Protein chains: 2
Amino acid sequence: MTIQKAFVSAQDVAARAGVSRSAVSRTFTPGKSVSAETRAKVLAAADALGYHVNHLARGLMRNESGIVCLIVSDLGTPYRSNLVNALTQQLQDAGKIAMLINTDRSDESVGLALRQAIRYRADASIVVSGMPDKSIVKLCLRNGLRLVLINRDDEHDGTLRINLDDAKAAENAVTAFARAGCKHLALINSTAGTPSLMAREAGFIAAAAARDLPVMVEHHGHTSYASGRLMAQRLLTRPTRPDGVFCVTDLLACGFMDTARREFHLDIPKDLCVIGFDDIEQASWISYNITTFAQPIDGIAANAVAWLRGDAEQTERTSLRLHADMVWRGSVRGG
Amino acid sequence: MTIQKAFVSAQDVAARAGVSRSAVSRTFTPGKSVSAETRAKVLAAADALGYHVNHLARGLMRNESGIVCLIVSDLGTPYRSNLVNALTQQLQDAGKIAMLINTDRSDESVGLALRQAIRYRADASIVVSGMPDKSIVKLCLRNGLRLVLINRDDEHDGTLRINLDDAKAAENAVTAFARAGCKHLALINSTAGTPSLMAREAGFIAAAAARDLPVMVEHHGHTSYASGRLMAQRLLTRPTRPDGVFCVTDLLACGFMDTARREFHLDIPKDLCVIGFDDIEQASWISYNITTFAQPIDGIAANAVAWLRGDAEQTERTSLRLHADMVWRGSVRGG
DNA sequence: TCAGCTTTTGCAAGCGTGTGCAATCGTCAC
DNA sequence: GTGACGATTGCACACGCTTGCAAAAGCTGA
């Protein structure tokens with residue numbers, strides 16, 4: 001194999017096709033005027049040479065790279081990986097491409113990620129984890145980087161904020177427990193306390209108070225299986241044992257249920273009702289069968305992408321609140 | 001807010017700092033010679049203006065974008081999302097950035113993904129799902145796009161192939177079953193049959209044959225929880241019920257175990273031993289507690305990234321076979 | 001002070017593309 | 001035959017950056 005230039009350029013294609021370089025460029029730009037004959041010659045030459053438009057150069061010229069950054073931590077987590085999956089899929093369908101940046105959930109590392117997005121002149125970035133601080137957000141907007149915040153908070157203007165109706169869901173959870181005859185409610189949550197988790201907590205406590213039901217609360221670590229186990233041990237050794245527990249995440253619920261059953265020999269839902277949140281795949285597995293709230297993952301992704309495409313009616317709405325449907329399964333009595 | 005140019009360029013910074021544009025460029029290129037004084041002026045101006053090097057332009061000049069494409073299907077799957085997580089993390093640490101492309105696992109869509117990688121002049125792409133055909137691989141190599149194939153096959157020259165020692169693992173599974181006194185072995189697998197899954201199957205059958213143990217085999221759908229359930233129904237209604245089942249994936253094992261317990265009231269490991277593969281998080285959950293083989297995810301990622309960086313000794317090895325350690329848990333008797 | 005050296009600096013070319021502008025071509029009606 | 005008009009085409013500049021080259025500046029020792 002002879003040594004050759006790594007990538008073939010439009011110039012090369014033009015030479016082979018016997019046309020000007022602009023003709024090549026126009027052939028690959030939808031909506032530009034090229035005669036059928038020229039187009040055919042160009043396409044033939046491009047195919048023979050293995051030509052592919054250089055998107056770096058195109059992005060440089062158009063000032064629009066087609067890149068959208070996804071900023072996310074703990075991609076291994078079921079909920080997050082499903083959301084990222086839906087987002088990349090829908091971005092691809094919209095002609096964009098996803099760039100993935102890992103963060104530990106510190107604000108600082110989110111800032112670093114956003115700077116990286118700016119460097120690649122991303123058209124937008126979508127923040128799934130962590131909270132960018134005000135100055136970074138301003139920097140992004142100033143640089144023409146559009147921002148979507150998913151289940152973050154509702155503070156930053158100029159961005160699209162997509163949140164769930166966490167308070168409403170929490171209220172429904174209380175209602176379900178009340179109907180099941182639960183008298184002693186409890187809630188377990190992480191210590192991190194993202195705005196959306198805190199909204200679930202506050203909503204649950206408020207709704208319970210409205211019905212004069214007491215709520216025990218535990219906080220620990222991240223929203224993981226291990227945390228769920230640990231909080232189960234704490235909660236189930238209290239003097240009065242709760243009989244209705246709202247886990248702000250299905251992962252917590254899985255750990256909680258396993259410990260309640262194996263270590264405390266409790267029957268779910270007879271002795272203890274459990275409600276989770278997210279509707280991850282595992283919640284539907286036979287061993288768990290958790291009553292939970294479904295994150296409208298496709299809906300979230302669709303709204304984000306629609307806003308990015310600048311669809312007329314969507315562009316104006318900068319704050320969206322989606323509903324999380326309750327999924328009735330077997331971890332609550334009398335569904 | 002006044003209308004202004006979207007992005008600030010090196011020119012703008014140079015003007016404000018009172019130096020030439022090249023000085024700005026050199027300031028942001030490690031190893032280039034700039035006086036401390038100039039560097040300070042440049043950094044001050046860059047900070048004030050919010051300047052960020054344009055990586056599209058830089059990539060265009062250097063002919064090296066810093067982008068690495070990850071080609072993957074079903075990111076929602078625990079094993080894949082953990083692998084992608086490790087890869088993006090380690091790529092970031094190496095100064096690269098991950099681009100994520102979703103495929104259905106058809107060869108065709110892998111081809112499309114690779115063309116996308118070429119268009120963005122990615123430095124490399126890492127194929128986690130699907131199998132690119134020979135002509136596309138050639139096209140990539142000709143375009144200077146390096147290729148890493150993870151748990152694919154071992155055919156393509158010029159690429160880095162990272163595989164597990166599936167045969168050895170399968171042999172260890174047979175040994176474990178034999179020690180537990182299992183007489184009737186079985187294996188469940190997807191119909192897709194990627195090379196690595198087929199290697200596990202072939203290895204298991206061969207090792208069982210060497211011990212004169214019969215093996216029942218079932219194939220169905222993807223390597224999912226649902227498939228595991230369905231194959232359990234098929235396998236456990238056979239005239240002779242297996243007492244040692246190798247599930248080529250933990251997800252299959254979860255579905256299999258749930259069905260074996262709830263629908264056939266079998267005790268694991270008393271009536272039935274189960275071994276999985278991957279060591280996903282769920283395999284360690286109390287409800288499953290599956291004896292399995294750990295994918296050396298960090299090792300895979302580390303090897304891939306090291307090869308991409310062109311580390312001297314690594315560059316020569318183009319085919320790697322890593323070991324999957326057995327993780328002893330409770331789904332096999334007498335661990 | 002000055003030659004000889006190293007470090008720093010600015011200039012300008014070039015990376016591969018998109019696109020405004022003017023020139024060219026073909027078509028058609030008169 | 002001619003003029004008008006629309007579709008195509010090529011030229012040349014621009015995008016923001018890197019880098020070779022040569023000039024300038026700083027430093028050393030005699």
Side-chain angles (χ1 to χ4, degrees), chain A residues 4-43 45-46 49-67 118-123 143-145, chain B residues 4-43 45-46 49-67 118-123 143-145:
Chain A
Q4 52 186 336
K5 233 175 47 182
F7 289 94
V8 15
S9 75
Q11 190 64 265
D12 306 334
V13 177
R16 183 181 236 260
V19 299
S20 77
R21 199 184 49 73
S22 356
V24 177
S25 177
R26 283 190 254 260
T27 300
F28 289 100
T29 308
K32 290 290 172 181
S33 127
V34 205
S35 71
E37 189 194 8
T38 308
R39 150 170 271 118
K41 280 194 292 186
V42 169
L43 288 179
L49 262 42
Y51 170 72
H52 292 257
V53 177
N54 186 333
H55 273 44
L56 301 181
R58 170 176 280 187
L60 185 57
M61 267 306 297
R62 289 208 186 140
N63 208 22
E64 180 183 332
S65 61
I67 296 172
I118 292 179
R119 280 194 280 268
Y120 278 97
R121 299 300 189 261
D123 297 340
N143 278 319
L145 180 66
Chain B
Q4 53 187 337
K5 233 174 47 180
F7 289 95
V8 15
S9 75
Q11 189 65 268
D12 305 334
V13 177
R16 183 182 235 261
V19 299
S20 78
R21 205 198 21 217
S22 3
V24 177
S25 177
R26 283 190 256 260
T27 299
F28 288 102
T29 308
K32 291 288 172 181
S33 122
V34 204
S35 71
E37 189 194 6
T38 309
R39 149 169 273 115
K41 278 193 294 187
V42 169
L43 288 178
L49 263 42
Y51 171 72
H52 293 259
V53 177
N54 185 332
H55 273 44
L56 300 181
R58 169 175 280 186
L60 186 57
M61 269 306 295
R62 292 209 184 142
N63 208 23
E64 179 184 330
S65 60
I67 296 173
I118 292 178
R119 280 194 279 270
Y120 278 97
R121 297 302 187 261
D123 297 340
N143 278 320
L145 179 66

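Keep in mind the model is a prediction, meaning the values are calculated, not measured. Note that these values count all heavy atoms, side chains included, but never hydrogens, waters or copies made by symmetry. Chain letters run A, B, ... following the sequence lines, proteins first and then strands; every chain starts at 1.
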At what distance, to the nearest 0.5 angstrom, does OG1 of T29(A) lie from CZ of R62(A)?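 Result: 5.5 Å between the selected atoms.
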To the nearest 0.5 Å, what is the distance between OG on S35(A) and NZ on K41(A)?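 Going from the OG atom of S35(A) to the NZ atom of K41(A) covers 7.5 Å.
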Whole angstrom value for the distance that separates [atom2] of [N] from [atom1] of [X]:
X: R62(B); N: dG16(C); atom1: CZ; atom2: P; result: 16 Å
X: R39(A); N: dT9(D); atom1: CZ; atom2: P; result: 10 Å
X: F7(B); N: dG16(D); atom1: CZ; atom2: P; result: 10 Å
X: L56(A); N: dC17(D); atom1: CG; atom2: P; result: 14 Å
X: K32(B); N: dG10(C); atom1: NZ; atom2: C1'; result: 15 Å
X: Q11(B); N: dC11(C); atom1: CD; atom2: P; result: 10 Å
X: N63(A); N: dG16(D); atom1: CG; atom2: P; result: 7 Å
X: H55(A); N: dC15(D); atom1: NE2; atom2: C1'; result: 17 Å

So which nucleotide from [options] ends up closest to the side chain of [X]?
X: Y51(A); options: dG16(D), dT9(C), dT17(C); value: dT17(C)
X: T29(A); options: dG20(C), dG18(C), dC17(D); value: dG18(C)
X: V34(A); options: dT9(D), dT19(D), dC17(D); value: dT9(D)
X: M61(B); options: dG16(D), dG10(D), dT17(C); value: dG16(D)
X: A10(B); options: dC17(D), dT19(C), dT17(C); value: dC17(D)

Ignoring hydrogens and angles, state whether a donor on the side chain of S22(A) or S25(A) is under 3.5 Å from an acceptor on the partner side chain.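 The answer is no; no qualifying pair exists.
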Below 4.0 angstrom from OP1 or OP2 of [N], is there any side-chain N or O of [X]?
X: Y120(B); N: dG16(C); result: no
X: S25(A); N: dT17(C); result: no
X: S22(A); N: dT19(C); result: no
X: S35(B); N: dT8(C); result: no
X: S9(A); N: dG16(C); result: no

Just wondering, do R121(A) and L56(A) contact through their side chains at under 4.5 Å, heavy atoms?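 Result no, sub-4.5 Å side-chain heavy-atom pair not found.
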Compute the centroid of each ring, for F7(B) and then for Y51(B), and state whether the two points are separated by less than 6.0 Å.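 No, too far apart.
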Could you pick out which residue, T38(A) or R26(B), lies toward the 5' side of DNA chain D when each is mapped onto its nearest nucleotide?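 Closest to the 5' end, via its nearest nucleotide, is T38(A).
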Under the 3.5 angstrom rule, does the side chain of D123(A) hit a backbone N or O of L145(A) as a donor-acceptor pair?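 It does not hold such a pair.
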Find which nucleotide of DNA chain C each of L60(B) and S20(B) is nearest to by heavy atoms, and output the residue with the more 5' nucleotide.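 Result of the comparison: S20(B).
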Comparing S33(B) and R21(A) on DNA chain C - which has the more 5′ nearest nucleotide: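 Whichever sits nearer the 5' end wins; that is S33(B).
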